J.: 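Input: one structure, supplied below.
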Amino acid sequence: MQKNTPLNLLGGLSPAQFMKRHWQKKPLLIRQAIPNMRPLIDRAALLDMLESEEVESRLIVRNGEKWTLKKGPLKRKSLPSLKTPDWTVLVQGVDLHSHAVHALLQQFRFVPDARLDDLMISFATDGGGVGPHFDSYDVFLLQAHGQRNWRIGRQKKFELQEGVPLKILKDFKPESEFLLNPGDMLYLPPGYAHDGTAVGECMTYSIGFKAPKKAELASQLLMGLAEELSEKSGSSLDAIYQDPRQSASIRDACVPAALQKFAFQSVTKAVQDPQMLNCLLGETLTEPKPNVWFDPPNHEDLALWAWPCGVRLDHRSKMLFDDKHIFVNGESFRASGRDAKLLQKLANEKALSAKEASTLSSTAAELMQAWWEEGWWHSEA
Ligand code: SIN
Ligand code: CO
């Protein structure tokens, strides 16, 4: 994908133009972003997915002003009939379960992988939707089947309705309205209020992004840091508090200022290791979602290990890198030189040829074997 090449997916804008003009800034309606769009998963297969423990899903039913929410797994028989209007089901992370959906998500890789989250599919009967709301993240709403009417507005008041099991805006003030047909797509930046109502039966694909909250990220990194520190010895962090200049203190319950300074310095010293923080960040960003299970090779296949071979990353694997590390599925590895270049290529392109694989060092080849045994990649002829 080239940064400056106009894309039909972005209504003729190049990724560079889109990022500059719209990303995190203003909505974009793209008619026929995907011409001849057909759903990648049919209705029956999507509704079957609701029964799985491994799939995150919700059923939302509207009855006038009243909303009900049921979290999955959901038995197909427990769903309202297809003739009943005003209900919708939302299936999260469908890219983890379908190669075709995963391939569609790859078209949005003009945004860094670290920000790309998942593809959610909603199915709704006539009038169905999740009500007027806003999301904290950027979203592309791609119409896959049937029609959906979107009303959107820059909302100033974000107050939510009380006593409702969903986040529904109290005072939604739409400014524009669009009827989307299959293949049409609407991009919305974070915090832009929207309400999509199915016009007849419809399916919408939401390409969602993730952006960590400062406090959440800090708490995740600090937890990782605490683990690292408990295993670390032989550094300046081993220093023990000393107070040879402490004056006599009689019945003094006040914490010594020197001890407070020591505590402050210990914490700042611990967080001032950018390499450690970068490592923990990469591990956090590639941590598989809780419902992801890899399929390791079976007993017979393990005996067939042959290196070098073509490498194809499993579609559930998350692989990122920085200038010193490679991160895969919640783990980090230091890499440099040719190994780093090739593993970075694997992260970017999700595949390596057998010829490229053959030039990895023996240490990297051992690592590749360990990852193969985890089911993180599959061999290709
Ligand atoms: C939907 O597909 O019904 C909801 C998507 C959204 O509003 O974010
Ligand atoms: Co939304």
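Note that this is a predicted model, so its numbers are computed, not measured. Order of listing sets the numbers, starting from 1, for every ligand and every atom in it.
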J.: Can you confirm, on distance only, whether ligand 1 has an N/O atom lying under 3.5 Å from any N/O atom belonging to T204?
T.: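 There is no such contact.
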J.: Using a 4.0 Å heavy-atom cut-off, which part of W150 comes near ligand 1: side chain, backbone, both, or neither?
T.: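 Side chain only.
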J.: For atom 2 (O) of ligand 1, what's the nearest protein heavy-atom neighbour? Residue, atom name and distance, please.
T.: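 Result: S122 OG, 2.7 Å.
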J.: So if I count the atoms of ligand 1 from 1 in the order they appear, which ones are less than 4.0 Å from some heavy atom of R148?
T.: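 With R148 as reference, the close atoms of ligand 1 come out as 3 (O).
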J.: Provide, to 0.1 Å, the distance between atom 7 (O) of ligand 1 and the closest protein heavy atom, together with that atom's residue and name.
T.: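 I find the closest protein heavy atom is H133 CE1, 3.0 Å.
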J.: Geometry only, no angles: is H194 polar-contacting ligand 1 at N/O separations under 3.5 Å?
T.: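 N/O-N/O distance below 3.5 Å exists for this pair.
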J.: Donor-acceptor pair, distance only, cut-off 3.5 Å: does the side chain of N8 make one with the backbone of A33?
T.: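 Present.
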J.: To which of I121, V130, V89 does the heavy atom nearest atom 4 (C) of ligand 1 belong?
T.: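 Looking at heavy atoms only, V130 sits closest to atom 4 (C) of ligand 1.
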J.: Please examine the side chains of F209 and Q24, heavy atoms only from C-beta on, and report whether any two atoms are closer than 4.5 Å.
T.: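 No, too far: nothing below the 4.5 Å cut-off.
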J.: Could you tell me which atoms of ligand 1, counted from 1 in the order shown, lie closer than 4.0 angstrom to a heavy atom of S206?
T.: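 Result: 5 (C).
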J.: Dump the intermediate steps for side chain to side chain donor-acceptor pair (under 3.5 Å) on E54 and N291, then the final yes or no.
T.: CA-CA 5 Å; E54 287 175 25; N291 55 352; over 6 Å; no
J.: Between N149 and T197, do the side chains contain a donor N or O and an acceptor N or O under 3.5 Å apart?
T.: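 Side-chain D/A pair, T197 to N149: absent.
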J.: Is there a donor-acceptor contact under 3.5 Å from the side chain of K25 to the main chain of M19?
T.: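 Yes; at least one donor-acceptor contact below 3.5 Å.
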J.: Using the rule side-chain contact (heavy atoms from CB on, under 4.5 Å), only one of M49, E51, E53 pairs with P73; which is it?
T.: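 Going through M49, E51, E53 one by one, the side-chain contact (heavy atoms from CB on, under 4.5 Å) with P73 is satisfied by E53 alone.
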J.: Check all N, O or S atoms of H133 and name the one closest to the Co ion (ligand 2).
T.: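 Sorting the N, O and S atoms of H133 by distance to the Co ion (ligand 2) puts NE2 first.
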J.: Is ligand 1 under 4.0 Å from a heavy atom in the side chain of L141, in the backbone, in both, or in neither?
T.: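 Only the side chain of L141 comes within reach of ligand 1.
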J.: Which of these passes ring pair (Phe, Tyr, Trp, His ring centres under 6.0 Å) with W371: W377, W307, F333?
T.: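 Only match with W371 under ring pair (Phe, Tyr, Trp, His ring centres under 6.0 Å): F333.
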J.: Any N or O on D135 sitting closer than 3.5 Å to an N or O of ligand 1?
T.: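 Yes; the residue has a nitrogen or oxygen that sits under 3.5 Å from a nitrogen or oxygen of the ligand.
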J.: I would like to know whether E56 and K289 meet salt bridge (charged side-chain N to carboxylate O under 4.0 Å, His left out); could you show each step before the answer?
T.: CA-CA 11 Å; E56 200 188 321; K289 296 207 168 155; over 6 Å; no
J.: Return the name of the atom in D135, of element N, O or S, nearest to the Co ion (ligand 2).
T.: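 The closest N, O or S atom of D135 to the Co ion (ligand 2) is OD2.
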J.: Can you check whether V311's main-chain N or O pairs, donor with acceptor, with W372's side chain at less than 3.5 Å?
T.: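 Here the side-chain-to-backbone pair does not exist.
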J.: Answer yes or no: does an N/O atom from T88 fall short of 3.5 Å to an N/O atom of ligand 1?
T.: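 No, since none of the N or O atoms of T88 sits under 3.5 Å from an N or O of ligand 1.
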